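Below: the structure, in structure tokens.
Note that the structure is a prediction, hence the values are computed from the model and not measured.
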Amino acid sequence: MAAMAALQSSMTSLSLSSNSFFGQRLSFPSLSPVTVKPINKPCLVVVKLKQWERKECKPNSLPILHKMHVKVGDTVKIISGHDKGKIGEITKLFRHNSTVVVKDINLKTKHVKSKGEDEPGQIIKIEAPIHSSNVMLYSKEKEVASRVGHKVLEDGTRVRYLIKTGEIVDSAENWKKLKESLGKEKTEVSAAAS
């Protein structure tokens with residue numbers, strides 16, 4: 001009730017005539033102008049963008065490459081997803097988004113369009129990447145999956161080893177086998193291209 005009375009009294013205090021109203025500014029004598037102080041502090045709230053909108057980048061606009069616990073040629077066990085429990089070998093790494101491609105795991109169907117009249121279209125299976133947190137290093141001898149640890153040997157080389165078994169993953173023999181297999185694949189690809 002008191003608010004209505006105050007509103008009516010403020011409206012009657014305005015002296016408006018019908019002919020002077022048009023084209024004129026309204027003046028409210030009862031209201032005093034309010035001053036607003038500008039805020040000098042920057043906004044501390046950071047909007048979290050979706051992964052496909054923006055990737056973390058270095059000052060030179062290249063993507064940040066994440067450290068990963070696995071390397072190409074490692075034998076891993078899938079610990080989550082629809083291929084859980086399967087064992088395979090890593091063939092590719094994508095360090096900008098921490099994903100790996102495991103041989104014959106996470107197969108997706110791709111429909112390939114025909115490139116010419118003589119080539120028909122195909123339906124092929126391709127290996128899709130899996131996030132590196134969904135794979136775990138696997139020991140073939142002891143048949144157990146384990147986390148990875150790092151240690152420095154007597155000769156000063158830093159190697160990875162399996163925590164459960166103590167088996168060293170980065171050995172000179174493993175690197176030789178990996179280099180030989182990669183060399184064979186390259187020669188096969190070049191021979192197929194010729």
Side-chain angles (χ1 to χ4, degrees), residues 46 48-113 122-194:
V46 178
K48 189 172 182 181
L49 298 173
K50 300 287 183 191
Q51 184 179 4
W52 59 84
E53 289 178 340
R54 182 175 300 274
K55 293 198 181 303
E56 293 179 69
C57 292
K58 295 187 272 187
N60 61 357
S61 301
L62 293 174
I64 293 175
L65 301 178
H66 304 286
K67 288 185 179 179
M68 298 174 71
H69 67 286
V70 290
K71 293 183 180 178
V72 175
D74 288 346
T75 303
V76 293
K77 183 175 185 177
I78 311 300
I79 59 172
S80 70
H82 67 277
D83 287 327
K84 182 177 179 177
K86 293 184 181 177
I87 298 159
E89 189 176 325
I90 292 181
T91 56
K92 269 188 194 173
L93 287 175
F94 300 105
R95 290 183 57 206
H96 66 280
N97 58 0
S98 296
T99 56
V100 295
V101 174
V102 184
K103 190 175 183 180
D104 298 328
I105 303 242
N106 197 22
L107 295 173
K108 303 290 180 190
T109 305
K110 184 174 183 181
H111 297 260
V112 181
K113 211 171 182 182
Q122 299 177 13
I123 299 174
I124 58 171
K125 296 270 187 180
I126 60 165
E127 298 154 349
I130 305 171
H131 198 267
S132 63
S133 65
N134 296 336
V135 299
M136 204 172 206
L137 282 172
Y138 185 77
S139 171
K140 290 180 182 175
E141 288 87 29
K142 308 247 176 137
E143 296 183 354
V144 65
S146 172
R147 288 180 297 144
V148 65
H150 299 273
K151 66 181 174 182
V152 180
L153 299 177
E154 293 84 26
D155 59 347
T157 57
R158 188 170 182 260
V159 294
R160 296 178 303 146
Y161 73 100
L162 299 178
I163 291 176
K164 281 187 184 175
T165 62
E167 178 186 338
I168 293 178
V169 180
D170 292 334
S171 63
E173 300 155 5
N174 291 349
W175 284 112
K176 286 178 185 175
K177 288 179 188 175
L178 180 62
K179 286 182 182 178
E180 288 172 6
S181 65
L182 290 175
K184 287 178 184 176
E185 287 178 10
K186 287 181 182 178
T187 54
E188 288 172 3
V189 170
S190 62
S194 303

- Task: Considering non-hydrogen atoms only, spot the tightest contact between Arg160 and Leu137 and give its length.
- Result: NH1-CD1, 4.1 Å
- Pairwise salt bridge (charged side-chain N to carboxylate O under 4.0 Å, His left out) hits with a residue in residues 83-100, at least two apart: Asp83-Lys86
- Any pair counted as side chain to side chain donor-acceptor pair (under 3.5 Å), so long as it reaches residues 140-151, sequence neighbours left out: none
- Message: How long is the straight-line distance from CG of Leu153 back to CG of Asp155, given to the nearest 0.5 Å?
- Response: 5.5 Å
- Message: Give me the atom names and distance for the closest heavy-atom approach of Pro129 to Asn106.
- Response: O-ND2, 3.2 Å
- Task: Indicate yes or no for a side-chain donor-acceptor contact from Ser80 to the backbone of Asn134 under 3.5 Å, with no hydrogens or angles considered.
- Result: no
- Message: Quick check: do Val76 and Met136 have side-chain heavy atoms less than 4.5 Å from each other?
- Response: no
- Message: Counting C-beta onward and ignoring hydrogens, is there a side-chain heavy-atom pair between Val70 and Leu93 closer than 4.5 Å?
- Response: yes
- Item | Contact summary for Lys164 and Ala145, nearest pair of heavy atoms | NZ-O, 3.3 Å
- Message: Nearest 0.5 angstrom please: Ile87 CD1 to Thr75 OG1, how far?
- Response: 9.0 Å
- Note on the structure: Taken to the nearest 0.5 Å, the spacing of His96 NE2 from His66 NE2 works out to 8.5 Å
- For Thr91 and Val101, indicate whether the former's side chain and the latter's backbone hold a donor-acceptor pair under 3.5 Å. yes
- Note on the structure: Value for OH (Tyr138) from CD (Glu167), rounded to nearest 0.5 Å, stands at 11.0 Å
- Within the side chain of Glu127, is there an N or O that forms a donor-acceptor pair under 3.5 Å with the backbone of Ile105? no
- Item | Closest non-hydrogen atom pair, Ile79 against Val135 | CG1-N, 4.1 Å
- Nearest 0.5 Å please: distance from the CG atom of Asp170 over to the CG atom of Asp74. 7.0 Å
- Note on the structure: Heavy-atom closest pair (Met68 atom, Ser132 atom, distance to 0.1 Å) is CE-CB, 3.5 Å
